[in-house]
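Chain letters run A, B, ... following the sequence lines, proteins first and then strands; every chain starts at 1.
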Protein chains: 2
Amino acid sequence: MHRELELVESIDKLTELTRRFQKQLLTGDLKEYTLRQLYYIELIHKKTGISISELSKILDVKKSTVSIAVNQLIDADIVIKNQSKTDKRFYSLELTSKGADIINKHMQVHRNTIRKILEILNPEEVDSFIKIINKISKV
Amino acid sequence: MHRELELVESIDKLTELTRRFQKQLLTGDLKEYTLRQLYYIELIHKKTGISISELSKILDVKKSTVSIAVNQLIDADIVIKNQSKTDKRFYSLELTSKGADIINKHMQVHRNTIRKILEILNPEEVDSFIKIINKISKV
DNA sequence: TATAATAGTTAGTTAGATAAAACTATTTAA
DNA sequence: TTAAATAGTTTTATCTAACTAACTATTATA
């Protein structure tokens with residue numbers, strides 16, 4: 001099927017595109033962080049209050065790995081850890097203001113990309129793009 | 001602008017989507033390779049005859065890094081290296097049949113994703129998707 | 001022809017992310 | 001109430017991917 005082949009191509013292009021986004025991310029204001037760190041920060045932002053174990057499940061890596069990574073972010077004043085009062089084994093994670101600032105800078109990098117996208121797509125295409133990505137990301 | 005915010009979201013979703021594609025890639029038949037290796041293999045496939053230096057420019061890493069990575073692929077019988085006759089300093093790279101097989105398996109993983117995409121998008125959306133990705137990837 | 005530049009290699013090093021295993025503290029369940 | 005389970009930490013070790021710097025071989029140039 002011809003369309004199927006075009007879709008294989010599209011997936012490759014998407015991967016390439018993402019690679020470029022990530023490269024952009026690592027130049028400029030956020031270059032002192034690794035992609036992995038930025039991903040941790042993003043997850044803690046989106047799921048405020050998440051625990052080490054939950055992060056470990058989402059990322060599919062061992063708790064020890066997450067523990068080390070999160071404690072680095074805590075040392076860097078990006079994340080804080082609060083011990084749960086109902087179950088003292090748990091610690092809920094959230095961003096500090098420095099962490100929130102990183103999220104903003106991250107979004108700013110995306111906005112620069114978006115400016116370019118808005119230049120080359122017409123309004124109907126922008127709508128389709130948003131709609132289609134929403135659909136696909138639910139797969 | 002409201003649409004701008006939605007586009008920021010879309011970019012995040014694309015990144016997440018790509019992360020999932022890559023995870024799929026690392027389970028199943030290709031799990032013995034790293035993402036980096038698969039990327040090298042893909043580049044050598046798309047640009048048959050490419051040299052170490054050219055790869056180094058595309059990937060934006062030092063020649064020594066590429067040299068080591070490529071020689072690993074040669075040792076694993078995935079890539080072969082031919083010394084140029086017109087300039088003996090150059091070696092042109094290409095895939096072996098084992099390398100070609102990896103490309104096929106890589107595409108097979110994508111096809112599974114595509115099957116799912118074709119289930120949730122209607123034909124017009126598939127067309128838009130392909131068209132829009134083509135436009136954006138030229139940015 | 002002697003010197004520069006280029007392609008690729010090799011040796012040694014470092015940073016980052018991971019895991020296994022043994023550990024503490026706390027909570028749950030038999 | 002004792003044993004098992006859970007959350008998180010620490011230590012030790014491994015692997016990948018990257019770097020620098022010094023190297024060989026080859027080609028281009030002054």
Rounded off to whole Å, could you give me the [atom1]-to-[atom2] distance for the [X] and [N] pair?
X	N	atom1	atom2	value
Gln83(A)	dT24(C)	CD	P	17 Å
Leu55(B)	dT9(C)	CG	C1'	16 Å
Leu26(A)	dG16(C)	CG	P	12 Å
Ile52(B)	dT10(C)	CD1	C1'	13 Å
Tyr91(B)	dT24(D)	OH	P	15 Å
Lys85(A)	dA7(D)	NZ	P	20 Å
Leu38(A)	dG16(C)	CG	P	13 Å
Phe90(A)	dA5(D)	CZ	P	16 Å

Determine which nucleotide pairs with dT2(D), using a 3.5 Å limit on both distances of a Watson-Crick or G-U wobble pair.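 Result: dA29(C).
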Going by purine N1 to pyrimidine N3 plus the second Watson-Crick contact, or the G-U wobble pair, all under 3.5 Å, which nucleotide sits opposite dT27(D)?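 Across all strands, not a single nucleotide pairs with dT27(D).
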If the glycosidic angle sits within 90 degrees of zero it is syn, else anti. Tell me which applies to dA4(C).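 Chi for dA4(C) falls in the syn range.
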Which letter, B, S or -, goes with each nucleotide of nucleotides 17-22 of chain C from 5' to 3', with contact meaning a protein heavy atom under 4.0 Å? SSBBB-
Side chains of Ser84(B) and Thr86(B), donor plus acceptor under 3.5 Å: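 Indeed, the side chains of Ser84(B) and Thr86(B) share at least one donor-acceptor pair under 3.5 Å.
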Between [Y] and [X], does any NZ, NE, NH1 or NH2 come within less than 4.0 Å of an OD or OE carboxylate oxygen?
X	Y	answer
Glu42(A)	Lys46(A)	yes
Arg111(A)	Glu4(B)	yes
Lys105(A)	Asp101(A)	yes

Between [N] and [X], is there an OP1 or OP2 to side-chain N/O distance shorter than 4.0 Å?
X	N	value
Ser67(B)	dT10(C)	no
Lys88(B)	dA28(D)	no
Lys81(A)	dT9(D)	yes

Answer yes or no: are there more than 12 heavy-atom neighbours, outside [X] itself, under 6.0 Å from its atom [atom1]?
X	atom1	result
Lys135(B)	NZ	yes
Lys13(A)	NZ	yes
Lys98(A)	NZ	yes

